[in-house]
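Note sheet for the following structure.
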Amino acid sequence: MAVVVRMAPSPTGLLHIGNVRTALFNWLYARHDGGEFRLRIENTDTSREVAEAVDQIQDSLRWLGLDWDGPLTFQLDRMDDCRRVADELVAAGKAYEDEGAIRFRMPDEGVTAWEDVVRGRIEYPNEKLEDVVIVRSDGRPTYNFASPLEDVWDGITHVIRGDDHIPNTPKQLNLIRAIGADVPVYGHVPQVNGADGKPLSKRHGSVSVQDFRADGYLPEALMNFLALLGWAPDGETTVMSREELVARFSLERVSPSPAQFDYQKLEWLNGVYLRALSEEEVAHRLLLWLGENGYDWDAELVARATPLVQEKITRLAEFPAFTGFLFGDVEPDPADLDGGASMLAAADEALVSLEPFEAEAIETALRAAADGLGLKPRQAFQPVRVAVTGSKVSPGLFESIELLGRETTLSRLRAAAAAGPA
RNA sequence: GCCCCCAUCGACUAGCGGUCCAGGUCGCGGCCCUUUCAAGGCCGUAGCACGGGUUCGAAUCCCGUUGGGGGCACCA
C-alpha cells in the first residue's frame, strides 16, 4: 500500500521552523516511499489573515522545495460531512448532546494503545479519557473530530506529527474506530527547542521560514540541517543532498528525544553549501536575495564581486557588508588609518599609471611599494584596505582594487591621506 | 494536582548486551598557511544524569529517583 502522509498546519501565522521540520519528515518519508505528501489547512473560519497565512505557508514550502501532491484542501470545506458523521454517532448511541454541543463517548475501562513508529508502544488509561466535544454548540466541528475524520477521508496511512499531539491520539483513535474505519500508523516526532531547552521561539532568533530566508540561508542547507534534527542516517554523514536525504530517510531512525536548534551549526552548513555552488549560481542567488531585500544593485558588478566573497560569507545577507564599498561611498575611520600616511602616498604613486590595472599587476606594484618603505605586507596593506574599502575586513585587496577601478581607488586613497593623521 | 513523553561530549548524533577506557559533525582551544576576514590543514577539549537490579558481561534490558518537556478547552 502506498504511503500517504500530510502536513496539516493551522493558518495562524508564519510557518514555524519546528512545524517545517515535522513537515520535512513527512515529505521525506513520502518521497522515499514513492507515496504522496498532502497539504491540508486546518482552518475553522475565513478571516483575511487566514488567506494571507495560507499563501505564506505555500510560499515557504515551495521555497524549501517541499512540493505537495493533489490540491490544497481546507478543513472548513468538510464541516457538513463532519456534522453528518456526528449525527450518525448520536443515532448509534456513541455520542450525545450536551448543552447544545455533541460529545463523543469514550470507553471507561481498559487502555487505548498504539504502536508509535518513533516511540514504540504508548498506552493511555481509558478512565482518563474525557468525552470530547466533537461539535460545538454553534455547529462547528472541533479539531479533535475533524482532523481524524479528514485523515480517514484522505486515505492518510501515516500520521507524522509533533509530540504535543500524543494526548490527542487516543481520542482520535477511538473516534476513528467508532466510525468503523482503519486507523493510520502514528509517529510522534519530538519538538525543536532553543538553546535553553524551551520550545524554539522568537527570542531564540529566527523561527519562521521567512526569517531564515531573509537571513540569507540556502533552502537546501536549511533542509539538510532540519533533517539532522532528530534523525541521522548513520552518525557519520552530515552533508546530504536532497536526493540523498530522500534515499536514506527512514522513520524508524527518528529519535524520540527533543533536539535543540543550533544556529551555529546551521551557519556552518550553509557555508558548506554556499562554497560548493558554482560562481554563477551564487551570483544568481545573491541577485534574488538582494532584490527581495530592497537592494537595487548592478547585476554585473554583483556577479564580478561574487568570486571575491564566496568563500568569506556564510549567508547571502552578509554580502552587502562585505562588498558595499563597490556600490557606494565609504567613510573610513581615521583611527584605522593611523601610521599609514606614507603607504597611502606610495600606493597612490604605484597605481596612478599602472597598466594593466589588474589584480596581479596591482599586487606586484603594491608589494614593491611596501618593500620600498621597508614595511611588512601586513602593515602596509591594512591602511590601504581601510582607505579603499572603508573597513579593516574586506575581500582580497588587489581584486577589490581592480573591481573598484583606478579612478575611485585613487580618489579614496587621496581622501584618506587628507583625512588621516599626519 | 492528574496524565503522557524524553534522558550519550556545550550542541546535533552513532551505538540496538561483549568489537566502546564510547565514534562522527558543529562549537571551543592551540598550531600551520596568510594582505584583513574567511576558507583549508593538523592537533586537542569534552559525554553514557543518579541509584538499584537482570546478566559471565550493560551506554545498551528492567525498576526507581532526579532533571527537562508536553498535555489536561465548545484552540488547533
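Residue numbers start from 1 in every chain, and the chains themselves are labelled A, B, ... in the order their sequence lines are given, proteins ahead of strands.
In this structure, A:Phe212 has its ring center under 6.0 Å from that of A:Phe261. For an aromatic pair to be called close, the ring centres must be under 6.0 Å apart, and A:Phe249 with A:Trp231 satisfies this. Taking the six-membered ring for Trp and the full ring otherwise, the centers of A:Phe327 and A:Trp297 sit less than 6.0 Å from each other.
The backbone N or O of A:Gly18 lies less than 3.5 Å from a partner atom in the side chain of A:His16, making a donor-acceptor pair.
In this model, no side-chain donor or acceptor of A:Ser394 finds a partner on the base of B:rC37 within 3.5 Å. In terms of polar N and O atoms assigned as donor or acceptor, the side chain of A:Lys265 comes within less than 3.5 Å of the base of B:rU25 in a complementary pairing. For A:Asn168 against B:rA76, a side-chain-to-base donor-acceptor contact under 3.5 Å is present.
Distances shorter than 4.0 Å separate none of the side-chain N or O atoms of A:Arg119 from OP1 or OP2 on B:rA7. Within the structure, a side-chain polar atom (N or O) of A:Arg275 is placed less than 4.0 Å from OP1 or OP2 of B:rG40. In this structure, A:Arg103 reaches the B:rC74 phosphate: one of its side-chain N or O atoms is under 4.0 Å from OP1 or OP2. For B:rG69, one of the phosphate oxygens OP1 or OP2 lies less than 4.0 angstrom from a side-chain nitrogen or oxygen of A:Lys198. Taking 4.0 angstrom as the limit, A:Arg378 places none of its side-chain polar atoms (N or O) nearer than this to OP1 or OP2 of B:rU34.
Distances were taken from every side-chain heavy atom of A:Val133 (C-beta onward) to each of B:rC74, B:rG69, B:rC4; the shortest belongs to B:rC74. Taking every side-chain heavy atom of A:Gln191 into account, B:rG70 is the closest of B:rC74, B:rG70, B:rA76. Residue A:Leu228 places its side chain closer to B:rC12 than to any other of B:rC5, B:rC12, B:rC3. Comparing B:rU35, B:rG70, B:rC74 by their nearest atom to the side chain of A:Asp164 picks out B:rG70. Each of B:rU13, B:rA76, B:rG15 was ranked by its minimum atom distance to the side chain of A:Tyr143; first place goes to B:rA76. Taking the side chain of A:Glu311 as heavy atoms from C-beta on, and the options B:rG15, B:rA39, B:rC26, the nearest nucleotide is B:rA39. For A:Tyr124, whose side chain is taken as the heavy atoms from C-beta onward, the closest listed nucleotide among B:rC74, B:rU35, B:rC4 is B:rC4. Listed nucleotides: B:rC12, B:rU35, B:rC37. Nearest to the side chain of A:Phe322: B:rC37. Of the candidate nucleotides B:rC5, B:rA39, B:rC12, B:rC5 has the atom nearest to the side chain of A:Ile122. Side-chain proximity of A:Val393 to the nucleotides B:rC37, B:rA76, B:rG24 is greatest for B:rC37.
Between A:Ser255 and A:Glu42, the residue anchored nearer the 5' end of RNA chain B, judged by the nucleotide with its closest heavy atom, is A:Ser255. Between A:Ala8 and A:Trp268, the one whose closest nucleotide on RNA chain B sits nearer the 5' end is A:Trp268.
Checking B:rC37 for Watson-Crick or G-U wobble geometry (two distances, each under 3.5 Å) identifies no partner in any strand. As the counterpart of B:rG18, B:rC56 is assigned, both hydrogen-bonding distances of the Watson-Crick or G-U wobble pattern falling under 3.5 Å. Base pairing of B:rG1: its partner is B:rC72, meeting the Watson-Crick or G-U wobble criterion (both donor-acceptor distances under 3.5 Å).
Between the CG atom of A:Asp98 and the P atom of B:rC74 there is a distance of 9 Å, rounded to whole Å. A:Tyr273 has its OH atom 14 Å from the P atom of B:rC26, to the nearest Å. Rounded to whole angstrom, the span from the CE atom of A:Met7 across to the C1' atom of B:rA76 amounts to 13 Å.
Comparing B:rU55 with B:rU60, their C1' atoms sit 13 Å apart, to the nearest whole Å. Distance check on atom P: B:rG69 versus B:rU8 gives 15 Å, rounded to whole Å. When the C1' atom is used for both B:rC56 and B:rC3, the distance is 41 Å, rounded to whole Å.
In this structure, A:Lys128 reaches the sugar-phosphate backbone alone: every heavy-atom distance under 4.0 Å involves primed, P, OP1 or OP2 atoms, never a base. Contacts of A:Ala101 with the nucleic acid, taken as non-hydrogen atoms under 4.0 Å apart, include base atoms. Looking at heavy-atom distances under 4.0 Å, A:Pro190 makes no contact with the nucleic acid at all. Nucleic acid contact class of A:Asn144 (heavy atoms, under 4.0 Å, all strands): base. Across all strands shown, A:Gly230 has heavy atoms under 4.0 Å from sugar-phosphate atoms exclusively, and none from any base. Residue A:Arg161 is classed as having no contact, given no heavy-atom separation below 4.0 Å to the nucleic acid.
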Mind running salt bridge (charged side-chain N to carboxylate O under 4.0 Å, His left out) on A:Glu150 and A:Arg78 for me, showing each step along the way? CA-CA 8 Å; A:Glu150 289 202 277; A:Arg78 306 212 266 215; 2.8 Å; yes
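Ion pair A:Arg121/A:Asp116 not flagged as a salt bridge, since none of the NZ, NE, NH1 or NH2 atoms sits closer than 4.0 Å to an Asp/Glu carboxylate oxygen. Between A:Arg414 and A:Asp348, at least one side-chain nitrogen of the basic residue sits less than 4.0 Å from a carboxylate oxygen of the acidic one, meeting the salt-bridge criterion.
No more than 12 heavy-atom neighbours from other residues, nucleotides or ligands sit within 6.0 angstrom of CD on A:Glu407.
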